[in-house]
A.B. asks: 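Sending over a structure as structure tokens; questions will come in a sec.
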Amino acid sequence: MRIVELTKETKKSILNDLLKRSPDHYGAYEETVNDIIRQVRERGDEAVFAYTKQFDRCELTPENLTVTEDEIKEAYGELEEALVETMKRSAENIRAYHEKQVRQSFFTTKPDGSLLGQRITPLARAGVYVPGGKAAYPSSVLMNVMPARVAGVAEIIMTTPPGKDGKVNPGTLVAADIAGVDRIYKVGGAQAVAAMAFGTESIPKVDKITGPGNIFVALAKKAVFGYVSIDSVAGPSEILVLADESANPRFAAADLLSQAEHDELASAILITDSMELAKKVSEEMENFTRQLSREEIIRKSLEQYGYILVAQDMDQAVEAANDIASEHLEILTRDPFETMTKVKNAGAIFLGAYSSEPLGDYFAGPNHILPTNGTAKFFSPLGVDDFIKRTSVISYSREALERDHEDIERFAKSEGLTAHANSVAVRFE
């Protein structure tokens, strides 16, 4: 992989390259996506079935749209028992972690009779989108559904594209059953997002849509935002490894490749203050790549968005990491906890030689649905907060309002809103 000296110019160039991968830069597809959404909104099931036939070569009807209990049982039979047990343990870890995020309603009162508070209520219905085909990731099913379940969402539906035979990936079905999805619909693409956003004769409208997908799914989620809530408009996967000369080059190389294999747009970046480590990691990456099943994808990814940046010192390295704000950030330094105190922007942080990124993807418990394309500067991982609403509660007695009414009226009049002022003043005529 290319080795580049870290300077202001190289950092700026890399940031520009990375931002080109954002779904915001795929305007050429927006007209197609908007037309699909419009058709589904106007024609409902008819449009959903037509697009499924066109894109997935599968004939859908109201009768075969929903996954049945028999299909879920069949899916269990297609998976190794050990894998099913692994999914169950992973789900429990995810549940336990997210239970710590649960908020409580609160109310505070004063002797004058005023009461202020906040009510926490879950969303009524959430919709999870799950890719199909080669991009079917049962782990993402668990990561999307478990926080919603912990939050107390009353109903969770899922959409996922069928194969030509009308069947759904068995791993996806088993994961959905373990996580507690209520209903699963055999539909994918922008048409699935539109169906969940606006509802059809067979698919109910949801309050929020989460889950990864291709560029059409990402643009569809962006287009329906406002009619429903969404988690984010996710970009391609990315990893950044911060390492000093103490790091194991084989570990660093293996971890970088774990994200490069996702797709040609994935980004893998090493930032180090050691040229010797940089060269060793580059060699190890070449050795590993020749042995890996997705070699062609990895090479294209690294050619476009793979970098080894050599910094003057770790302070400069950390500064660059904060500017990039990577989805996944691994810290392989002598004192990773001390280095972490300087990190401000990252979707998830992995500390030390034995905390490789796939630990977070599959098993540890924190959510692997993370901000990408630099949005870790202002977005957070998917969690329980994404599936709740916070409602403010206000109750004043006459005594409490009498103390404050002149301040309120003065404020309202200063903004030219005399009806606001009158609404308070009338109570003390």
A.B. asks: The test is side chain to side chain contact (heavy atoms under 4.5 Å, CB included); show your working for Ile72 and Val174 and say whether it passes.
C.D. replies: CA-CA 7 Å; Ile72 293 174; Val174 170; 6.0 Å; no
A.B. asks: Filter on ring pair (Phe, Tyr, Trp, His ring centres under 6.0 Å), then keep only pairs touching residues 150-182, sequence neighbours left out; what's left?
C.D. replies: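 Ring pair (Phe, Tyr, Trp, His ring centres under 6.0 Å) check on residues 150-182 returns no pairs.
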A.B. asks: Do Ile120 and Arg390 come within less than 4.5 Å of each other through their side chains, counting heavy atoms only?
C.D. replies: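 Yes; the side chains approach each other to less than 4.5 Å.
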A.B. asks: Thr333 and Thr339: side-chain donor and acceptor closer than 3.5 Å?
C.D. replies: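 There is such a pair (donor and acceptor under 3.5 Å, judged by atom type) between the side chains of Thr333 and Thr339.
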A.B. asks: Give a yes or no on whether the backbone of Asn287 and the side-chain of Gln291 come within a donor-acceptor separation of less than 3.5 Å.
C.D. replies: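 Yes; judged by distance alone, with no hydrogens or angles, the pair exists.
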A.B. asks: So that I can tick it off, tell me whether Glu296 and Lys300 are bridged by a salt bridge, with the cut-off set at under 4.0 angstrom between side-chain N and carboxylate O.
C.D. replies: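 So Lys300 pairs with Glu296 through a salt bridge.
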A.B. asks: I would like to know whether Ile271 and Leu6 meet side chain to side chain contact (heavy atoms under 4.5 Å, CB included); could you show each step before the answer?
C.D. replies: CA-CA 8 Å; Ile271 307 181; Leu6 178 58; 4.2 Å; yes
A.B. asks: For Glu81, does the CD atom have more than 12 heavy-atom neighbours from other residues, nucleotides or ligands under 6.0 Å away?
C.D. replies: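 No, CD of Glu81 has 12 or fewer neighbouring heavy atoms, counting only those of other groups under 6.0 Å.
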A.B. asks: Does either side chain, that of Arg183 or that of Tyr185, offer a donor lying less than 3.5 Å from an acceptor on the other one?
C.D. replies: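 The answer is yes; a qualifying pair exists.
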A.B. asks: Please check if atom NZ in Lys377 has more than 12 non-hydrogen atoms from other residues, nucleotides or ligands closer than 6.0 Å.
C.D. replies: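 It does: Lys377 NZ has more than 12 such atoms within range.
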A.B. asks: Let's go through Leu329 and Ile239 carefully: what are the C-alpha distance in whole Å and the side-chain angles of both, what is the deciding distance for side chain to side chain contact (heavy atoms under 4.5 Å, CB included) to 0.1 Å, and is it a yes or a no?
C.D. replies: CA-CA 6 Å; Leu329 173 65; Ile239 185 171; over 6 Å; no
A.B. asks: For the backbone of Ser232 and the side chain of Lys221, can you confirm whether one donor and one acceptor N or O come within less than 3.5 Å of each other?
C.D. replies: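 Judged by distance alone, yes, a pair lies under 3.5 Å.
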A.B. asks: Is it the case that Arg41 places NZ or CZ above or below the six-membered ring of Tyr227, under 6.0 angstrom from the centre and within 45 degrees of the axis?
C.D. replies: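 Yes, Arg41 and Tyr227 form such a contact.
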A.B. asks: Could you walk me through whether Asp361 and Tyr137 satisfy the side chain to side chain donor-acceptor pair (under 3.5 Å) test, starting with their C-alpha distance in whole Å, then the side-chain angles of each, then the deciding distance to 0.1 Å, before giving a yes or no?
C.D. replies: CA-CA 10 Å; Asp361 274 351; Tyr137 299 122; over 6 Å; no
A.B. asks: Validate the cation-pi geometry between Arg89 and Phe363: distance from NZ or CZ to the six-membered ring centre under 6.0 Å, angle to the ring axis within 45°.
C.D. replies: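 Not flagged: Arg89 not positioned over aromatic ring of Phe363.
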A.B. asks: Is Glu330 reaching over with its side chain to a backbone N or O of Glu357, donor-acceptor style, under 3.5 angstrom?
C.D. replies: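 Side chain of Glu330 to backbone of Glu357, a donor-acceptor pair under 3.5 Å: yes, one is there.
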A.B. asks: Do the non-hydrogen side-chain atoms of Thr160 and Lys186 ever get within less than 4.5 Å of each other?
C.D. replies: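 When only atoms from C-beta onward are counted, Lys186 and Thr160 do not touch, as no gap falls below 4.5 Å.
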A.B. asks: Starting from the C-alpha separation in whole Å, work towards a yes-or-no answer on side chain to side chain contact (heavy atoms under 4.5 Å, CB included) for Leu18 and Ile14.
C.D. replies: CA-CA 6 Å; Leu18 295 178; Ile14 289 168; 4.0 Å; yes
A.B. asks: How long is the gap from CD on Glu415 to CZ on Phe411, to the nearest 0.5 Å?
C.D. replies: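 Here the rounded value is 6.0 Å.
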A.B. asks: Can you spot which of Val130, Asp182, Asn144, Val67 makes a side chain to side chain contact (heavy atoms under 4.5 Å, CB included) with Met158?
C.D. replies: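 The passing option is Val130.
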A.B. asks: Using distance alone, with no hydrogens and no angle criterion, decide if Tyr76 and Asp177 have a side-chain donor and acceptor under 3.5 Å apart.
C.D. replies: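 Result is yes, a qualifying pair exists.
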A.B. asks: Can you measure from OG1 (Thr109) to CG (Leu115) and round to the nearest 0.5 angstrom?
C.D. replies: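 One gets 6.5 Å once the value is rounded to the nearest 0.5 Å.
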A.B. asks: To the nearest 0.5 Å, how far apart are CE in Met146 and CD1 in Ile178?
C.D. replies: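 Those atoms lie 9.5 Å apart.
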A.B. asks: Answer yes or no: is there a donor N or O on one side and an acceptor on the other, between the side chain of Glu327 and the main chain of Glu238, under 3.5 Å?
C.D. replies: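 Checked: pair present.
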A.B. asks: Salt bridge between Glu338 and Arg334, side-chain N to carboxylate O under 4.0 Å?
C.D. replies: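 Salt bridge between Glu338 and Arg334, a charged N being under 4.0 Å from a carboxylate O: no.
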A.B. asks: With a 4.5 Å cut-off on side-chain heavy atoms, are Asp323 and Glu319 touching?
C.D. replies: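 Yes, their side chains come closer than 4.5 Å.
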A.B. asks: Donor-acceptor check, side chain of Tyr129 to backbone of Gly189, threshold 3.5 angstrom: yes or no?
C.D. replies: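 Between the backbone of Gly189 and the side chain of Tyr129 there is a qualifying donor-acceptor contact (under 3.5 Å).
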A.B. asks: Check for a donor-acceptor pair, side chain of Asp263 on one end and backbone N or O of Leu265 on the other, with a separation under 3.5 Å.
C.D. replies: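 Side chain of Asp263 to backbone of Leu265: a pair is present.
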A.B. asks: Can you check whether Lys344's main-chain N or O pairs, donor with acceptor, with Asn322's side chain at less than 3.5 Å?
C.D. replies: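 Yes, the answer is positive, given that a donor and an acceptor are paired below the 3.5 Å cut-off.
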A.B. asks: Taking atom types as modelled, is there a side-chain donor on Glu71 or Thr68 under 3.5 Å from an acceptor on the other?
C.D. replies: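 Their side chains do contain a donor-acceptor pair, which is all the 3.5 Å distance test asks for.
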A.B. asks: Can you give me the closest heavy-atom contact between Leu302 and Ala268, atom names plus distance?
C.D. replies: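 Nearest heavy atoms, Leu302 then Ala268: CD2-CB, 4.1 Å.
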A.B. asks: Looking at Lys88 and Glu85, is there a salt bridge between them, counting it only when a charged N and a carboxylate O are closer than 4.0 Å?
C.D. replies: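 Looking at Glu85 and Lys88, the cut-off is met.
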A.B. asks: List the residues meeting salt bridge (Lys or Arg N to Asp or Glu O under 4.0 Å) with Glu99, not counting sequence neighbours, and say none if there are none.
C.D. replies: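 Scan of Glu99 (salt bridge (Lys or Arg N to Asp or Glu O under 4.0 Å), adjacent residues dropped) gives none.
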A.B. asks: Does any non-hydrogen side-chain atom of Phe198 lie less than 4.5 Å from one of Ile37?
C.D. replies: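 A side-chain contact under 4.5 Å exists here.
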A.B. asks: Would the distance check show the side chain of Glu261 and the main-chain N or O of Ile297 forming a donor-acceptor pair, the cut-off being under 3.5 Å?
C.D. replies: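 Answer holds: no.
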A.B. asks: Do the non-hydrogen side-chain atoms of Ile209 and Val193 ever get within less than 4.5 Å of each other?
C.D. replies: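 Side chain of Ile209 against side chain of Val193, heavy atoms only: contact under 4.5 Å found.
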A.B. asks: Does this structure show an ion pair linking Lys208 with Asp231, if we count only N-O contacts that are shorter than 4.0 Å?
C.D. replies: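 No, this pair does not count.
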A.B. asks: So with a 6.0 Å cut-off around NZ of Lys205, is the heavy-atom count from everything else above 12?
C.D. replies: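 Counting neighbours around NZ of Lys205, more than 12 heavy atoms of other residues, nucleotides or ligands fall under 6.0 Å, so yes.
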A.B. asks: Assess whether a salt bridge exists between Glu286 and Arg299, defined as any Lys/Arg side-chain N lying under 4.0 Å from an Asp/Glu carboxylate O.
C.D. replies: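 Yes.
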A.B. asks: So, taking the atom named NE2 in His98 and the one named CG in Leu382, what distance separates them when rounded to the nearest 0.5 Å?
C.D. replies: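 His98 atom NE2 to Leu382 atom CG measures 6.5 Å (nearest 0.5 Å).
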A.B. asks: Using 0.5 Å steps for rounding, measure from the CD1 atom of Ile308 to the OG atom of Ser282.
C.D. replies: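 Result: 4.5 Å between the selected atoms.
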A.B. asks: Checking the side chain of Asn64 only, and the main-chain atoms of Glu59 only, is there a donor and an acceptor separated by less than 3.5 Å?
C.D. replies: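 Indeed, once roles are kept as given, a pair shorter than 3.5 Å links the two residues.
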A.B. asks: To the closest 0.5 Å, what do you measure between CD (Gln101) and CG (Asp386)?
C.D. replies: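 Between atom CD of Gln101 and atom CG of Asp386 there are 8.5 Å.
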A.B. asks: Between Pro236 and Ser267, is there a side-chain heavy-atom distance shorter than 4.5 Å?
C.D. replies: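 A side-chain contact is absent here, since even the closest heavy-atom pair is not under 4.5 Å.
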A.B. asks: Between Asp207 and Lys389, is the salt bridge (charged side-chain N to carboxylate O under 4.0 Å, His left out) condition met? List the steps.
C.D. replies: CA-CA 11 Å; Asp207 300 310; Lys389 296 173 295 160; over 6 Å; no
A.B. asks: Just checking, any donor-acceptor pair under 3.5 angstrom between side chains of Ser13 and Thr10?
C.D. replies: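 Short answer, no.
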A.B. asks: Taking the side chain as everything from C-beta on, heavy atoms only, tell me whether Arg103 gets closer than 4.5 Å to Asp385.
C.D. replies: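 In short, these two side chains touch, coming nearer than 4.5 Å.
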A.B. asks: Between Phe350 and His328, what is the ring plane arrangement, given parallel below 30°, perpendicular above 60°, and tilted in between?
C.D. replies: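 Answer is tilted, since the angle falls between 30° and 60°.
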A.B. asks: For Gly188, does its backbone N or O pair with a side-chain atom of Thr159 as donor and acceptor, under 3.5 Å?
C.D. replies: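 Such a contact is absent between Thr159 side chain and Gly188 backbone.
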A.B. asks: Do Leu309 and Leu270 have side-chain heavy atoms sitting under 4.5 Å apart?
C.D. replies: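 A side-chain contact is absent here, since even the closest heavy-atom pair is not under 4.5 Å.
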A.B. asks: Sequence neighbours excluded, which residues qualify as side chain to side chain contact (heavy atoms under 4.5 Å, CB included) partners of Thr200?
C.D. replies: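 With sequence neighbours excluded, Thr200 shows a side chain to side chain contact (heavy atoms under 4.5 Å, CB included) to Val40, Asp45, Val48, Ala195, Ser202, Ile203, given in chain and number order.
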A.B. asks: Quick one: do Arg2 and Glu303 make a salt bridge, cutoff under 4.0 Å?
C.D. replies: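 No, Arg2 and Glu303 are not salt-bridged.
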